Amino acid sequence: MVNSSCEDHSVLVSWTPSPVAEMYHVVAVAADGHVHTCNTSSSNCSVSELHCDQQYTVSVTASHENCSSKASQNTTVHTGPCQPSELSVILHCTNQSAMLTWTPSDNAVQYYGCAQTGNGDMLCCHGTNPTCTINNLDCGTVYNFSVQASDGTCNSSFSVPEQRGAAPCPPEAVEVKLLPMQMEIQVMQFNWTAVSCGDTEYLLALTGSLLGDSQALFEITSYWTNRTNFEIPLPCGSSYNATVQSRNTGGTSSKSVPLSGTTAPCPPSGAVYSGNSSFATVSWNTSVFATRYTVFDNSVTPKRRLCSVPGLSCSLSNISSNNLVITASNTAGESEQTNVTTVVAQGRRRRDLQMDAPLLDVTQPSATVVSIEWSEVEAASYYSLLIYKQDNSNTQEQYTVYGESIILTDLSTNTAYCFSVLAVFSVASGPESERVCVQTG
């Protein structure tokens, strides 16, 4: 007779004694070839350390002095299932649950997955498939996760535990409030909703670049804090991605959904005023991330807005002040103002030469269409339009125009162009006008 023990994979073998026998020899042979033996003078013997999930053939031989009997009739026994392996634990912070998966055990018909705390409290799930979900975990608590298999008669030992904490979720609804630009620095106040989990701290992280330069990268983090807001200053013309993480004794969350944006642009450079009090043009260089430029008359309080355009120039008329300033802006705010410092006054040349520089008025009806008009120059036979790409002023195109206007429709996208016009007479050419620049869409 063979009785198996589920706990330690051992069997107790017993038999009817054989007359005159002094010693008995028990042999248990597994299907995988492993052999286990036991010697005793009594009528029972325990064979231990059998392999899990194996069928064993057991027989007994009696002996007296130098003689041995034939082996008894074989008896078979099946040991309990092996413990499951390759346990994987996926924690879900939204409902504080854990999904357990593992490699199934042969001949197992039921599984039990458990999560045990340090003080012995245990939560379990069970099922016939090699996966189950444990619900109602306590956020912030560390658990030892393990799984056990059953063949309906015996249970395996629990698998090697995997220690994981029920960490909080990352914050939702991360928002930013942008303060006005000061000294070309913009302070950003980030706010987020508190996580429903005890004793939680937060970490704000920013990555980005300066002035759109892929070589000028930055990474900034706050310190861990229990507040739900944090202020970080960035220079003008910066782009950023902001994320927030949570942590407590259960672990650290993943990062929140990135919040992307830019700071307000830097003031535009190279602002030039050309013309006279009757008709003038202000042009400037592009400012990274700017979507609009505004020119003000700074001689009055409050300063008076003269023009606001998305391009790189605007035309003015009846200007009584040379104290002009310009700002750049986008959805993040407005840059600090900078002076239109270069003033070029266009006056009459000698009347007998009749060679004046035209004054340009450039408009942009659409992304790649530019309309150019200019003031008439007395006695001019025709005009030469010069087109420069702003990034390479040594390269130019030239058009001959009869009349005082032209519409250009074949410009490249996302390119800065500058235009100037000069009058051509029968015996000479007049001076070139001041350049007016635009940025195509």
Side-chain angles (χ1 to χ4, degrees), residues 93-94 167-195 197 200-248 251-271 284-294 308-312 326-338 367 391 413-416 439-441:
C93 64
T94 51
C169 288
E172 297 180 354
V174 179
E175 298 177 345
V176 61
K177 178 182 178 181
L178 300 170
L179 303 182
M181 189 74 66
Q182 291 186 350
M183 303 296 290
E184 298 190 5
I185 296 293
Q186 188 166 30
V187 175
M188 297 181 294
Q189 186 183 79
F190 291 91
N191 300 275
W192 54 87
T193 54
V195 173
C197 190
T200 301
E201 295 180 313
Y202 306 95
L203 182 75
L204 171 67
L206 267 65
T207 59
S209 63
L210 304 175
L211 298 175
D213 185 354
S214 61
Q215 302 299 313
L217 305 178
F218 64 81
E219 182 174 351
I220 304 171
T221 61
S222 68
Y223 49 82
W224 287 100
T225 175
N226 56 12
R227 301 194 330 240
T228 56
N229 59 77
F230 204 90
E231 291 184 352
I232 290 183
L234 280 183
C236 58
S238 299
S239 62
Y240 64 87
N241 286 318
T243 58
V244 182
Q245 289 178 277
S246 309
R247 77 171 184 184
N248 60 15
T252 302
S253 75
S254 58
K255 294 181 178 179
S256 64
V257 176
L259 174 66
S260 302
T262 68
T263 59
C266 297
S269 62
W284 52 86
N285 296 326
T286 186
S287 180
V288 177
F289 302 127
T291 57
R292 181 162 292 274
Y293 302 90
T294 306
S308 182
V309 295
L312 299 178
I326 185 172
T327 64
S329 59
N330 60 19
T331 56
E334 188 174 29
S335 74
E336 295 174 283
Q337 66 185 33
T338 185
D391 58 354
T413 60
N414 195 29
T415 303
Q439 174 81 33
T440 61

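Everything numeric here is computed off the predicted structure, so don't read it as measured data. Residue numbers run from 1 in the order of the sequence given.
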Is there a donor-acceptor pair under 3.5 Å between the side chain of [X] and the backbone N or O of [Y]?
{"X": "Thr338", "Y": "Ile326", "answer": "no"}
{"X": "Tyr202", "Y": "Val195", "answer": "yes"}
{"X": "Ser256", "Y": "Val244", "answer": "yes"}
{"X": "Ser335", "Y": "Ala328", "answer": "yes"}
{"X": "Glu336", "Y": "Glu184", "answer": "yes"}
{"X": "Thr291", "Y": "Ser329", "answer": "yes"}
{"X": "Gln186", "Y": "Ala264", "answer": "yes"}
{"X": "Asn330", "Y": "Thr263", "answer": "yes"}
{"X": "Ser253", "Y": "Ser246", "answer": "yes"}

Gap between atom [atom2] of [Y] and atom [atom1] of [X] - 0.5 Å precision:
{"X": "Gln439", "Y": "Tyr293", "atom1": "CD", "atom2": "OH", "answer": "7.5 Å"}
{"X": "Lys177", "Y": "Glu231", "atom1": "NZ", "atom2": "CD", "answer": "9.0 Å"}
{"X": "Asn226", "Y": "Trp224", "atom1": "CG", "atom2": "CH2", "answer": "12.0 Å"}
{"X": "Thr243", "Y": "Leu259", "atom1": "OG1", "atom2": "CG", "answer": "10.0 Å"}
{"X": "Leu217", "Y": "Ser209", "atom1": "CG", "atom2": "OG", "answer": "6.5 Å"}
{"X": "Thr221", "Y": "Ile232", "atom1": "OG1", "atom2": "CD1", "answer": "7.5 Å"}

side-chain contact (heavy atoms from CB on, under 4.5 Å) assessment of Leu206 paired with Met188: CA-CA 11 Å; Leu206 267 65; Met188 297 181 294; 3.7 Å; yes
Audit row: Met181, Cys236, side-chain contact (heavy atoms from CB on, under 4.5 Å) steps and yes/no: CA-CA 8 Å; Met181 189 74 66; Cys236 58; 3.6 Å; yes
ring-ring contact (aromatic ring centres under 6.0 Å, His included) against Phe289, all qualifying residues, sequence neighbours excluded: none
Gln189, CD atom: more than 12 neighbouring heavy atoms under 6.0 Å: yes
Test log, rule side-chain contact (heavy atoms from CB on, under 4.5 Å), inputs Leu234 and Ile220: CA-CA 10 Å; Leu234 280 183; Ile220 304 171; 3.7 Å; yes
Considering non-hydrogen atoms only, spot the tightest contact between [X] and [Y] and give its length.
{"X": "Cys93", "Y": "Pro170", "answer": "SG-CD, 4.3 Å"}
{"X": "Ile185", "Y": "Pro235", "answer": "CD1-CA, 3.8 Å"}
{"X": "Val288", "Y": "Pro265", "answer": "O-CB, 3.5 Å"}

Would you say the side chain of [Y] lies within less than 4.5 Å of the side chain of [X], judging by non-hydrogen atoms?
{"X": "Leu204", "Y": "Gln245", "result": "no"}
{"X": "Trp192", "Y": "Val176", "result": "no"}
{"X": "Asn191", "Y": "Thr228", "result": "no"}

Side chains of [X] and [Y]: is there a donor and an acceptor less than 3.5 Å apart?
{"X": "Glu172", "Y": "Thr193", "answer": "no"}
{"X": "Thr207", "Y": "Asn241", "answer": "no"}
{"X": "Thr413", "Y": "Thr440", "answer": "no"}

Check against side-chain contact (heavy atoms from CB on, under 4.5 Å), Leu203 and Arg247: CA-CA 8 Å; Leu203 182 75; Arg247 77 171 184 184; over 6 Å; no
Chi angles and distances behind the disulfide bond (SG atoms under 2.5 Å apart) call for Cys197, Cys169: CA-CA 9 Å; Cys197 190; Cys169 288; over 6 Å; no
CA sep, side-chain torsions, deciding dist, call: Tyr240, Phe218, ring pair (Phe, Tyr, Trp, His ring centres under 6.0 Å): CA-CA 9 Å; Tyr240 64 87; Phe218 64 81; 8.1 Å; no
